Amino acid sequence: MAKEAVKVETDKERIAKIDFDKEDVKQAADMIAEKGFVTRNDFPDLKDRLWSEGFYEQIEDEFHHRDNEDPYIFFERFDFIGGAIESIIFDMDQVETREKALHILGDALDLKVQDKPNETHKVVTY
């Protein structure tokens, strides 16, 4: 007897099923244009990884449809002391570095940032 194939849904497929509120997307883009970032303090669903990824894509699309606005929008998830993993969507033109985004997110959510990352976490480029 042949086994029936099990279809595993990809993250992209799961994200495609999420219905993002267009007003939330516009509000997030406006907030990023104004202050440079959004966190779960602004949009509580940023706690969810897949929702965050999809929301980031929607925000990027929103900026691409605006006249004279082409910021470098970036989505990042950071680990904090105690095991919390949180998301931030930010404008690299305003926030400038991932390190600064990490500290902005930690400050916004009152989470502790590891001051000296473990040597094994260094990024090596060639």
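The analysis underlying the following values was restricted to heavy atoms, covering all of them including side chains, and did not include hydrogens, waters or symmetry mates. None of these values were measured; they are calculated from a predicted model.
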Is there side-chain contact between E57 and I15, with at least one heavy-atom pair below 4.5 Å?
-> yes
Heavy-atom closest pair (D79 atom, I85 atom, distance to 0.1 Å) is OD1-CG1, 3.1 Å
Determine whether F78 and V113 make a side-chain contact, defined as any pair of heavy atoms from C-beta on separated by less than 4.5 Å.
-> no
Treat each ILVMFWY residue as a node, draw an edge where side-chain heavy atoms are under 4.5 Å apart, and state whether L105 and F74 are in one component.
-> yes
If you round to the nearest 0.5 Å, how far is CG of D11 from CD of E13?
-> 9.5 Å
Could you check if a side-chain atom of F37 sits within less than 4.5 angstrom of a side-chain atom of D91, using non-hydrogen atoms only?
-> no
Under 4.0 Å between a Lys/Arg side-chain N and an Asp/Glu carboxylate O for R66 and E62?
-> yes
Hey, are the side chains of Q27 and D21 touching, using non-hydrogen atoms and a 4.5 Å cut-off?
-> no
Hey, are the side chains of E60 and F75 touching, using non-hydrogen atoms and a 4.5 Å cut-off?
-> no
Side chain to side chain contact (heavy atoms under 4.5 Å, CB included) evaluation trace for F90 with I32 = CA-CA 6 Å; F90 62 100; I32 291 170; over 6 Å; no
Does some side-chain heavy atom of I73 sit less than 4.5 Å from a side-chain heavy atom of I89?
-> yes
Is a side-chain N or O of D45 found less than 3.5 angstrom from the main chain of W51, in a donor-acceptor match?
-> no
Check the hydrophobic clustering (I, L, V, M, F, W, Y; side-chain heavy atoms under 4.5 Å; chains of links allowed) and say if F55 and L50 are grouped together.
-> no
Flag if over 12 foreign heavy atoms under 6.0 Å of NZ, K7 | yes
When every non-hydrogen atom of M31 is compared with those of F43, the smallest separation belongs to SD-CE1, 3.9 Å
Do K47 and E86 meet the salt-bridge criterion of a basic N to acidic O distance under 4.0 Å?
-> yes
Does a sphere of radius 6.0 Å around NZ in K35 hold more than 12 heavy atoms from other residues, nucleotides or ligands, not counting ones at 6.0 Å or beyond?
-> yes
Under 6.0 Å from the CD atom of E34, do we count more than 12 heavy atoms belonging to anything else shown?
-> no
Give a yes or no answer on whether the side chain of D107 reaches the backbone of I104 with a donor-acceptor pair at less than 3.5 Å.
-> no
Rounded distance [0.5 Å steps], CD in E76 versus CE in M92 = 9.5 Å
Specify the closest pair of heavy atoms between L46 and R40, including all atoms of both residues, with the distance to one decimal.
-> CD1-N, 3.8 Å
4.5 Å side-chain heavy-atom contact, H64 and D70 = yes
Could you check if a side-chain atom of H65 sits within less than 4.5 angstrom of a side-chain atom of F63, using non-hydrogen atoms only?
-> no
Give a yes or no on whether the backbone of P71 and the side-chain of Q94 come within a donor-acceptor separation of less than 3.5 Å.
-> no
Rounded to the nearest 0.5 Å, what separation is found between the CD atom of E99 and the NE2 atom of H103?
-> 4.0 Å
Distance from D48 atom CG to I18 atom CD1, nearest 0.5 Å?
-> 6.5 Å
Does one hydrophobic cluster hold both V95 and I88, with members joined at side-chain heavy-atom distances below 4.5 Å?
-> yes
